[in-house]
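For reference, the structure is listed below as C-alpha cells.
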Amino acid sequence: QKEVEQDPGPLSVPEGAIVSLNCTYSNSAFQYFMWYRQYSRKGPELLMYTYSSGNKEDGRFTAQVDKSSKYISLFIRDSQPSDSATYLCAMSPNSGGSNYKLTFGKGTLLTVNP
Amino acid sequence: NAGVTQTPKFRILKIGQSMTLQCAQDMNHNYMYWYRQDPGMGLKLIYYSVGAGITDKGEVPNGYNVSRSTTEDFPLRLELAAPSQTSVYFCASSPTAETQYFGPGTRLLVL
C-alpha cells in the first residue's frame, strides 16, 4: 500500500459547484497535512495546512482531517474557472527533526467549466 | 522579494552530459529542497538541506549531487545525464515543514 493515495481524476465540474478532493494515507505518524495547488506549468503553491485532526476554513476552501480513518479532504465552495488546477495533498510526521520531509499524493486534476 | 528562483527554465541534454540546476531564495529560509515531478507520479524528494553546509538524501538521490555553501543557494548537479532523468525539477524553501515555497521549475529533457 502506498503511503499516500490520491485519485488523479480528472474531475470536471460546472462553475459554482462544490468540489471535494480527497487523500488517504497509511502512515499513522503523519501529523501535518497540507494542500497545494499547481497551475499548469507552474510550481505548487501552498493553499492550506492543518495539524492533527479537525477542520480549517479559509474563504471558499475548507480542509478536513480524520486521523481515525486516515483520510483528508479539501472542499471548494462556489468553484470558479480560476480554481482549475492540479491539487496535491502532502503530509509529514511530527517526529523531531524529520517533520520537514513531505510525502505528496500524485495530485487530482480539476477543471471548472464556465 | 523574488521568493524562490530557478534557472534555467528549460534545457535539453544529451545522454552522458552534465549540468547544474540553479536555485536561489531570498527569504532567509534554512530549509531547502529539490524535487522531481514526473507525469502522474507526484513530487519525489531528491535532496534536502537544513542549513548551510548540511545536506542529506531524499527518496530518489541516485544520479544527483547537491551543495549548500550559503543560505540562499542550493544547486543541483546532474552527472552523466540519463533519459530517466527527464523530468520537471522544483526547488523549494521553507522556514517550517508545512510552509514550503516552490520555485517555477526547470524542465529537463535528456535525449
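Scope of the values below: all heavy atoms of this structure, side chains included, with no hydrogens, waters or symmetry mates. The structure presented is a predicted model; accordingly, all values stated were derived computationally and were not measured. The chains referred to below are lettered A, B, ... by the order of the sequence lines, with proteins before strands, and numbering in each begins at 1.
Under the 4.5 Å side-chain heavy-atom criterion for ILVMFWY residues, a single connected hydrophobic cluster contains both A/Y87 and A/F30. Note: the hydrophobic cluster containing B/Y101 does not contain B/W34 (ILVMFWY, side chain heavy atoms under 4.5 Å, direct or indirect links). Both A/M91 and A/L74 are members of a single hydrophobic cluster when ILVMFWY side chains are connected at heavy-atom separations under 4.5 Å.
Scanning both residues, A/Y49 and B/T99, for their nearest heavy atoms gives CE2-CG2, 3.9 Å.
Between B/R107 and A/R41, some side-chain heavy-atom pair lies under the 4.5 Å cut-off. Proximity of B/F90 to A/K42: side-chain heavy atoms (C-beta onward) are nowhere separated by under 4.5 Å.
For a residue to count as touching a neighbouring chain, one of its non-hydrogen atoms must lie under 4.5 Å from one of that chain's; by this rule A/P8 does not touch chain B. With a 4.5 Å cut-off on non-hydrogen atoms, A/Q38 touches chain B through its side chain but not through its backbone.
Of all the listed residues (B/L43, B/V88, B/L45), the one sharing the greatest number of non-hydrogen pairs under 4.5 Å with chain A is B/L43. For the set A/A90, A/G43, A/G107, A/P44, the entry with the most heavy-atom pairs within less than 4.5 Å of chain B is A/P44.
For B/M27, the CE atom sits in a packed shell: over 12 heavy atoms of surrounding residues, nucleotides or ligands are nearer than 6.0 Å.
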query = After noting the C-alpha distance and the side-chain angles of A/L46 and B/Q100, does the key distance pass the side chain to side chain contact (heavy atoms under 4.5 Å, CB included) rule?
reply = CA-CA 7 Å; A/L46 180 66; B/Q100 292 191 18; over 6 Å; no
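Taken from CG in A/L88 to CZ in B/F102, the straight-line distance is 8.0 Å, to the nearest 0.5 Å. Here the NZ atom belonging to A/K106 is positioned 12.5 Å from the CD atom belonging to B/Q37, to the nearest 0.5 angstrom.
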